[in-house]
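The next block holds one structure in the form of structure tokens; read it before the comments.
Chain A is the first sequence line, chain B the second, and so forth, proteins listed ahead of strands; every chain is numbered from 1.
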Amino acid sequence: MRYETERTRRRGQADTATDTLARGLGLFSIALGIAEIAAPRALARALGMKGQEGLIAGYGVREIATGIGILASKDPTPWIWGRVAGDALDLATLATALEGNNPKKENVGIAMAAVLGATALDVYCAQTLSRESPHPLPPLQDYSDRSGFPRGVEQAHGAASDFAVPSDFRTPEALRPYTQPEAPRHPQPSM
Amino acid sequence: MKALVWHGTTDIRCDSVPDPEIEQPRDAIIKVTSCAICGSDLHLYNHFMPGMKSGDIMGHETMGEVVEVGAEAKGKLKVGDRVVIPFTIICGECEQCKRGNFSVCERTNRNGNIAAKAFGHTTAGLFGYTHLTGGYPGGQAEYLRVPFADATHIKVPNGIPDEKLLFLSDIFPTGWQAAVQCDIQPTDTVAIWGCGPVGQMTIRSAVLLGAKQVIAIDRIPERLAMAEAGGAITINIDEDSVIERLNELTNGKGPEKCIDAVGMEAHATATIDSMYDRVKQATMMETDRPHVLREMAYVCRPAGTLSIPGVYGGLLDKIPFGAIMNKGLTIRTGQTHVNRWTDDLLRRIEEGQIDPSFVITHTVSLEEGPDMYKVFRDKQDGCIKVVIKP
């Protein structure tokens with residue numbers, strides 16, 4: 001993973017390249033999903049799957065949800081496995097288009113090859129993310145004694161109160177705490 | 001000489017390049033004794049900042065010994081002087097320099113016309129930081145040519161190790177200015193996003209300036225531990241909701257002062273807006289990822305201040321300006337006016353109020369520099385600050 005957080009340490013992953021691949025697959029999911037929702041008719045025509053526009057748009061929604069899951073989650077592993085399942089669904093759906101007299105079988109074959117390529121990447125990414133790293137991460141460095149204050153934090157607190165903030169760096173007068181001036185008291189009549 | 005040279009995205013190499021020479025009468029050449037990799041160098045490493053060219057020498061946190069002085073700099077510098085070089089190149093004479101606004105010096109950016117097209121006006125020349133800021137070779141090298149050297153230097157005494165002084169070049173004054181521009185009051189809660197090197201310096205500055213409560217926000221355990229050591233209460237974004245926790249710590253009122261020490265490459269992954277930024281950035285519809293800015297604007301107490309030392313480069317999307325306007329927030333930002341603060345900060349180091357070397361986690365040779373960029377970028381091996389000894 002990109003950072004050595006407690007979570008990534010637990011899983012023993014410190015693989016930046018795989019993390020980057022996962023994020024890339026998330027972006028790809030979103031882009032593909034947008035295309036499927038924006039142009040289901042054109043896709044259905046190109047694949048000889050007229051009448052399946054609703055299904056294609058539905059798959060687009062699935063792609064976007066998966067992409068968001070990958071990018072938003074702290075651990076993208078289950079979402080990448082979700083992509084693998086989605087790939088299987090895509091391949092099964094495309095396989096149905098190979099039956100009968102579909103004149104666009106060539107396009108379907110190209111699409112299936114592309115999905116297989118993406119599936120290979122997805123499986124690789126999911127497996128790598130799921131695997132325990134063979135090299136355990138080094139222990140956390142201990143910086144708890146690095147205050148930067150030779151005399152300690154308590155002594156340092158406010159030690160620069162002799163510093164005069166330059167006038168052009170001061171909070172604008174209009175935003176400084178303002179106190180309503182006291183209303184003039186009415187003179188009491190003398191008895 | 002040897003130098004760390006940018007060749008493309010995530011491609012920095014230790015190359016042999018020609019030694020620098022005096023080109024202008026105000027120049028000086030220094031032999032670099034220590035330099036550092038800055039968090040903002042990662043924006044170049046990842047190529048988020050436009051304007052880099054293959055062959056550019058990296059680095060803008062540098063110190064060393066003067067070995068050659070141009071004719072017009074001789075009144076202020078002599079061979080053998082020990083100097084820290086601020087990352088902003090300043091003339092010391094223009095209207096902005098005279099006002100102390102050194103990071104927007106009007107004269108030192110030799111590509112000021114390009115900067116003016118991008119930003120409306122020129123800003124100061126910077127070492128090793130794109131051709132938008134002059135294309136000056138940086139200091140991750142054995143030698144550095146310092147233009148306008150009679151003004152662009154901080155003389156430092158012998159007897160104090162490089163490690164305590166080097167960060168006067170950038171991160172210490174940057175953290176200091178971030179805190180100073182909050183005009184911290186003794187009743188203030190100061191929330192700081194990002195516990196990288198600048199965030200760590202900002203935490204120490206806010207403590208020195210007497211904030212009632214300093215809260216540090218990050219996700220890297222080592223960085224949070226270092227922030228806590230410096231007197232901060234910490235929030236781990238992987239474990240807590242930042243907004244809920246900040247409200248808890250301020251009785252539901254929000255922090256008065258919020259500081260963004262993260263900048264354009266925010267790494268929040270569990271929020272809708274950060275996903276939105278990732279997608280827009282991947283499709284080249286947005287240059288920066290301003291998650292922290294949005295969170296600060298939302299959680300900051302009305303009439304509070306947003307201080308932004310984190311670097312942003314271009315166009316930002318979905319900034320909640322309604323919150324900023326309706327809550328009457330003040331925004332303070334900018335590159336650091338290094339020389340404005342360094343006399344005071346040097347005194348505080350000499351007096352033992354602070355020792356900035358606490359932040360150094362790795363010290364390496366120039367040859368190891370390219371690998372350390374990756375280690376630093378990926379926060380591996382507990383890496384927070386890398387110092388290079390050429």
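B:Tyr373 pairs by the ring-ring contact (aromatic ring centres under 6.0 Å, His included) definition with B:Tyr45, not counting sequence neighbours. B:Phe48 is linked by a ring-ring contact (aromatic ring centres under 6.0 Å, His included) to nothing, counting only residues two or more places apart in sequence or in another chain.
A donor-acceptor pair is defined here as one N or O able to donate and one able to accept, closer than 3.5 Å; no such pair exists between the side chain of A:His157 and the backbone of B:Val207. Side-chain atoms of B:Lys257 never come within 3.5 Å of backbone atoms of B:Gln181 as a donor-acceptor pair (strictly under, hydrogens ignored). In this structure, B:Asn236 contributes its side chain and B:Pro221 its backbone to no donor-acceptor pair below 3.5 Å. Remark: side-chain polar atoms of B:Lys253 are not paired, donor with acceptor, to backbone N or O of B:Pro302 under 3.5 angstrom.
Atom CD of B:Gln200 and atom OG1 of B:Thr202 lie 9.0 Å apart (nearest 0.5 Å).
Using a 4.5 Å cut-off between heavy atoms, A:Asp142 does not touch chain B at all. Of the two parts of B:Ile384, only the side chain, counted from C-beta on, holds a non-hydrogen atom closer than 4.5 Å to a non-hydrogen atom of chain A. Using a 4.5 Å cut-off between heavy atoms, B:Val359 contacts chain A through its backbone alone, with no side-chain atom that close. Of the atoms belonging to B:Ser205, not a single heavy atom falls under 4.5 Å from chain A. Only the side chain of B:Arg332 comes within contact range of chain A, with heavy atoms under 4.5 Å apart.
The greatest number of non-hydrogen atom pairs below 4.5 Å with chain A, out of B:Pro186, B:Ser357, B:Ala211, is found for B:Ala211. Of the listed residues (A:Gly148, A:Gly152, A:Gly24), the greatest number of heavy-atom pairs within a distance under 4.5 Å of chain B belongs to A:Gly148. For the set A:Pro150, A:Ser161, A:Ala31, the count of heavy-atom pairs under 4.5 angstrom toward chain B peaks at A:Pro150. Comparing B:Glu228, B:Arg223, B:Met201, B:Arg340 by heavy-atom pairs within less than 4.5 Å of chain A, the highest count is held by B:Arg340. Chain A forms the most heavy-atom pairs under 4.5 Å with one residue out of B:Ala225, B:Gly352, B:Ala303, and that residue is B:Gly352. Between chain A and the options B:Arg99, B:Gln185, B:Gln177, B:Met226, the largest number of non-hydrogen pairs under 4.5 Å is found for B:Met226.
A:Arg62 has a carboxylate O that lies under 4.0 Å from a charged side-chain N of A:Asp90, or vice versa, which qualifies the two as a salt bridge.
Of the options B:Val242, B:Ile235, B:Ile259, a side chain to side chain contact (heavy atoms under 4.5 Å, CB included) to B:Trp193 is made by B:Val242 and by none of the others.
Under the side-chain hydrogen bond (donor to acceptor under 3.5 Å, both in side chains) criterion, the residue pairs touching residues 25-34 of chain A are A:Ser29-A:Glu63, A:Ser29-A:Arg83, with sequence neighbours excluded.
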Item to check | Step-by-step salt bridge (charged side-chain N to carboxylate O under 4.0 Å, His left out) determination, A:Glu53 to A:Arg41 | outcome: CA-CA 6 Å; A:Glu53 289 84 356; A:Arg41 213 170 294 169; 5.4 Å; no

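Residues of residues 341-350 of chain B lying under 4.5 angstrom from chain A, judged on non-hydrogen atoms, are B:Trp341, B:Asp344, B:Arg347, B:Arg348 by number.
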